[in-house]
Each structure stands twice: as structure tokens, then as C-alpha cells.
Amino acid sequence: MIRGLHAKLSAAQNNKTLVRIERSLERGCVDGYVVGIARSWFALLIVGDGIRLDGYQIFRLRDVLTIESPAPHATFQEVVLRKRKLRIIKPRKLDLSSTTAVLNSACAKYSLITIHREITDCEVCHIGRVAKFNRTTVTLKEVTPDGTWAADLSNFRLSEITRVDFGGPYEEALMMVVGTTKIV
């Protein structure tokens with residue numbers, strides 16, 4: 001199954017085809033352009049409901065239920081993106097070879113990242129800056145929904161991470177506020 005998904009994602013990336021992904025860990029689906037693939041992870045540049053580019057999401061291949069390529073209504077969405085002069089941009093030096101590599105390479109370019117642990121808690125995501133790693137955990141300095149730095153550091157098991165987001169409008173909005181404040 002993974003091999004077939006990998007082949008479909010590779011073809012979509014090579015052809016710059018808008019795809020729709022459905023995963024086992026969340027309801028609904030997501031549309032986007034494949035901007036990277038590795039053995040266990042792949043990256044999408046998300047096309048949001050407003051037909052705008054909404055940042056990047058990194059997913060585990062094993063959580064994918066279906067892939068539609070092209071996505072439904074892809075032609076319409078692509079026309080809108082062209083008229084808005086929005087282009088597919090692959091994040092530079094994005095390393096998808098391991099969870100640690102995903103986090104490191106995302107943090108190298110983006111100040112805030114979002115970590116999802118959907119099997120552990122599907123209702124919560126954690127947004128912040130990576131403070132440190134070890135073999136099994138990542139430590140984040142989180143940002144609260146009010147745009148302030150959390151008082152304490154948070155530790156998360158790398159094995160529990162199911163998705164990583166960065167470069168989206170919510171992370172950008174939080175960074176606009178916390179970027180002006182000192183990390184405590």
C-alpha cells in the first residue's frame with residue numbers, strides 16, 4: 001500500500017498536480033501540492049478553503065487512507081491560484097528522512113512550528129519553537145493561543161508525532177505577536 005501511495009505522490013509532485021489526501025487520523029480531507037516525499041513522510045503545500053496557499057503540512061505515509069489525483073475541482077482552484085499570482089514553492093532544504101529531520105529542517109526556516117499527536121490527543125496541537133532534542137523527545141517552548149510564551153517547556157515523544165505544520169497563517173499571526181516579546 002505504501003509503495004502505491006509513494007508512486008502516486010511522486011507522480012503528483014513531478015506533474016505539479018493538486019491532490020486531495022484523506023487520512024485515518026482526522027475527519028475530512030486536505031488539498032495541496034506535493035513538495036517532498038521520503039520513505040515515511042511527505043509534505044504538502046496546502047490549498048485552503050479560501051483557495052489560498054495556507055502553509056505546509058508534513059504527514060506520515062502510513063496514515064493516508066486515500067489520495068485523489070487530481071483533486072476534485074482542481075482546474076478551478078488552479079485558475080484561482082494563477083489569477084492570484086500564487087506559486088508552488090518548495091521549502092528549501094526540507095529533510096523528510098526522520099521525525100527529527102522534519103522538525104530540524106522546518107525550524108531552520110520557520111520560527112514557529114505546529115506539532116500534532118493525533119493518536120495521543122486528536123483535539124490538541126502544540127505550537128512553538130524547538131528548544132532541544134534527544135533520541136526520543138523534542139522540547140518545545142510553546143506559544144499560547146493568546147500570543148504569549150508559555151511559562152514552561154513542553155516535552156513530546158518523537159514517536160507520537162503524526163503531523164507537523166509550518167508557514168501557515170495562524171503560525172504567522174502568532175509570530176507577529178510573540179516575535180515582539182522576550183522568551184521567558
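Model, not experiment: these values are computed from the prediction.
I88 and V30 are not part of a single hydrophobic cluster, where members link through side-chain heavy atoms under 4.5 Å apart. V178 and Y110 fall into different hydrophobic clusters, where Ile, Leu, Val, Met, Phe, Trp and Tyr side chains are chained together by heavy-atom contacts under 4.5 Å. By the criterion of side-chain heavy atoms lying less than 4.5 angstrom apart, applied directly or through intervening Ile, Leu, Val, Met, Phe, Trp or Tyr residues, L61 is not grouped with I58; the two fall into different hydrophobic clusters. V64 and I161 fall into different hydrophobic clusters, where Ile, Leu, Val, Met, Phe, Trp and Tyr are joined by side-chain heavy atoms under 4.5 Å apart, directly or via other members. The hydrophobic clustering, which links ILVMFWY residues whose side-chain heavy atoms are closer than 4.5 Å, places V164 and Y56 together.
Side-chain contact check for L53 versus I89: every heavy-atom pair is 4.5 Å or farther apart. Looking at F76 and I51, their side chains come closer than 4.5 Å, going by heavy atoms from C-beta outward. Side-chain contact between L96 and I37 is absent, with no heavy-atom pair separated by less than 4.5 Å. Side-chain contact between S97 and R39: absent, with no pair of heavy atoms (C-beta onward) separated by less than 4.5 Å.
Note: I67 CD1 to T17 OG1 = 9.5 Å, rounded to the nearest 0.5 Å. If you take CG on L112 and CE on M175, they are separated by 5.5 Å, rounding to the nearest 0.5 Å. Distance check, rounded to the nearest 0.5 Å: CG of L140 to CG of D152 gives 13.0 Å.
D95 pairs by the salt bridge (Lys or Arg N to Asp or Glu O under 4.0 Å) definition with nothing, not counting sequence neighbours. Residues satisfying the salt bridge (Lys or Arg N to Asp or Glu O under 4.0 Å) criterion with D63, sequence neighbours excluded, are R60. Under the rule for a side-chain contact (heavy atoms from CB on, under 4.5 Å), the partners of D31 that lie at least two apart in sequence or sit in another chain are L18, R20, A71, Q77. Judged as a salt bridge (Lys or Arg N to Asp or Glu O under 4.0 Å), and not counting sequence neighbours, the contacts of R23 are E26, E118. Partners of E160 under the side-chain contact (heavy atoms from CB on, under 4.5 Å) rule, at least two apart in sequence or in another chain, are R117, T120, R157.
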Walk me through it: do V143 and T148 pass the test side chain to side chain contact (heavy atoms under 4.5 Å, CB included)? CA-CA 6 Å; V143 176; T148 61; over 6 Å; no
Before giving the answer on side chain to side chain contact (heavy atoms under 4.5 Å, CB included), spell out for F166 and L94 the whole-Å C-alpha distance, their side-chain angles and the decisive distance to 0.1 Å. CA-CA 12 Å; F166 55 91; L94 181 60; 4.0 Å; yes
Would I115 and L103 count as a side chain to side chain contact (heavy atoms under 4.5 Å, CB included) here? Give the steps. CA-CA 9 Å; I115 292 174; L103 296 170; 4.2 Å; yes
Given the rule in the side chain to side chain contact (heavy atoms under 4.5 Å, CB included) test, do K8 and S69 qualify, once you have shown the distances and angles that lead to the verdict? CA-CA 8 Å; K8 278 187 174 181; S69 180; 5.8 Å; no
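The 12-atom threshold is not exceeded at CG of D49, counting heavy atoms of other residues, nucleotides or ligands nearer than 6.0 Å.
Evaluation of the side-chain hydrogen bond (donor to acceptor under 3.5 Å, both in side chains) test over residues 165-175, restricted to residues two or more places apart or in two chains, returns T114-E171, H116-D165, R163-D165.
Proximity of a side-chain donor or acceptor of K141 to a complementary backbone N or O of G128 within less than 3.5 Å is not detected.
Nearest approach of L45 to R87, heavy atoms of both residues: CD2-O, 4.2 Å. The two residues W41 and T162 have their closest heavy-atom pair at CZ3-O, 3.8 Å. Of all non-hydrogen atoms in L44 and F59, the two that sit nearest each other are CD1-CE1, 3.7 Å. A pairwise comparison of heavy atoms in E22 and G28 identifies CG-O, 3.8 Å as the closest pair. Across all their heavy atoms, R129 and S111 have their closest contact at CG-O, 2.9 Å. Of all non-hydrogen atoms in Y33 and E78, the two that sit nearest each other are OH-CG, 3.1 Å.
Partner of L86 under the side chain to side chain contact (heavy atoms under 4.5 Å, CB included) criterion, chosen from R82, R84, K83: R84. Exactly one residue among T137, T139, N134, T136 makes a side-chain hydrogen bond (donor to acceptor under 3.5 Å, both in side chains) with N155. That residue is T139.
The aromatic rings of H126 and F156 sit tilted relative to each other, their planes meeting at an angle between 30° and 60°.
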